[in-house]
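The structure under discussion appears below in the form of structure tokens.
In what follows, every heavy atom counts, from backbone to side chain, and hydrogens, waters and symmetry copies are set aside. We count ligands from 1, going down the list as the structure has it; atoms in each ligand are counted the same way.
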Amino acid sequence: MSTRTQTPPDAEPTQRTPLVVRTRSELRDAQLRWALTGPLEHADPDAGPGQRAVVMTMGALHDGHLELVRRARAEAGPSGQVLVTIFVNPLQFGAGEDLATYPRDLDGDVAKLAGVGADVVFAPTLDVVYPDGDPVVRVSAGHIGEVLEGESRPGHLDGVLTVVLKLMHLVRPDVALFGEKDAQQLLAVRRMVRDLEVPVEVVGVATVREPDGLALSSRNAYLSADERERALALSRALRAGAAAADRGAAGVINAAQQVLDGADGVVVDYLALVDPVTVQTVADDFSGRALLLVAARVGTTRLIDNQAIEVSPEVQR
Ligand code: PAF
């Protein structure tokens with residue numbers, strides 16, 4: 001099945017309603033058509049052929065995803081092609097996680113994408129992505145997949161990388177954009193692309209937040225009003241950590257921990273200050289750029305957030 005756009009072909013890239021494709025052959029047709037005519041339809045003689053940019057999602061789109069798509073449009077250029085994939089990947093959900101209840105609303109997602117610069121939505125079914133059932137050969141995130149998120153969600157990052165690599169092969173993008181909110185996922189994807197020589201440029205996009213600091217996430221939809229209020233402790237803790245950047249690594253962790261200790265109804269899974277490349281916890285005498293990562297359960301909802309911090313050794317006062 002494919003849904004045709006009503007938007008005239010010469011509409012500005014940012015005005016277009018995306019074409020929805022569900023199968024591999026529909027995706028190939030959309031790529032082929034773009035290769036033959038896309039750059040000409042939207043011809044800007046000085047713009048060059050443009051790039052193919054992809055934003056991979058599991059749907060339940062929010063403003064954070066839409067920001068990724070806007071950035072993808074900018075990366076692709078006016079005559080480039082922007083693809084959004086929507087696929088809830090069972091491989092990255094553990095037993096007892098929310099695979100069955102994960103919000104799915106393809107029509108609503110496509111409506112949100114109108115006007116932000118997406119050309120094509122690739123929304124495959126399970127058998128399109130995994131035609132032979134569960135893949136026998138998978139990507140391993142190595143040690144990156146065993147710490148922090150990996151400790152709480154064994155196999156999660158392996159499942160993410162396996163589907164990301166498959167989608168990269170299917171879509172063949174020049175650029176792939178990922179949100180910095182899922183920091184460990186972004187690090188793992190960067191590392192996979194480097195280690196396996198995947199010919200894709202990976203671009204990280206800053207976390208989008210509500211005015212009160214809550215990081216946008218599809219799982220925020222699970223929060224009651226009271227839980228949403230409690231969930232603000234995560235971003236408050238990160239801000240407290242950042243404000244203690246000149247008190248050394250231990251000072252940063254202590255400041256963030258204090259906020260979490262005082263937060264009711266927030267069950268912390270981990271709080272860690274890590275090297276942004278290796279994801280190893282930094283030593284007490286560390287100085288330089290680090291990532292402060294937090295994961296916590298608020299009610300039954302597990303939330304993650306993070307903040308980059310330029311840590312300097314404690315100044316003796
Ligand atoms: O970040 C997500 O939504 C998913 O982990 C991704 C990258 C689409 C892979 O399923």
Margin query: If you measure every N or O of Gln92 against every N or O of ligand 1, does any of those distances drop under 3.5 Å?
Written below: yes
Next item on the list: Check whether any side-chain N or O of Lys181 sits under 3.5 Å from a backbone N or O of Val208 as a donor-acceptor pair, and report yes or no.
Entry: no
Notebook entry, point to check: Would you say the side chains of Ser152 and Asp269 form a donor-acceptor pair under 3.5 Å?
Noted result: yes
Next item on the list: For Val163, take its heavy atoms, then give the atoms of ligand 1 lying under 4.0 Å from any of them.
Entry: 9 (C), 10 (O)
Margin query: Closer than 4.0 Å to some heavy atom of Thr57 - which atoms of ligand 1 meet that?
Written below: 8 (C)
Margin query: Give the atom numbers and elements of ligand 1 that come within less than 4.0 Å of a heavy atom of Met56.
Written below: 8 (C)
Notebook entry, point to check: How does Thr85 reach ligand 1, if at all, at less than 4.0 Å between non-hydrogen atoms: by side chain, backbone, both, or neither?
Noted result: neither
Notebook entry, point to check: Between Arg236 and Asp305, is there a side-chain N and carboxylate O pair less than 4.0 Å apart?
Noted result: no
Check: Does the distance from a Lys or Arg side-chain N to an Asp or Glu carboxylate O, for Glu75 and Arg71, drop under 4.0 Å?
Finding: yes
Notebook entry, point to check: Is there a donor-acceptor pair under 3.5 Å between the side chain of Asn306 and the backbone N or O of Glu180?
Noted result: yes
Next item on the list: Identify, for atom 7 (C) of ligand 1, the protein heavy atom at the shortest distance, and state residue, atom and that distance.
Entry: Gln185 NE2, 3.5 Å
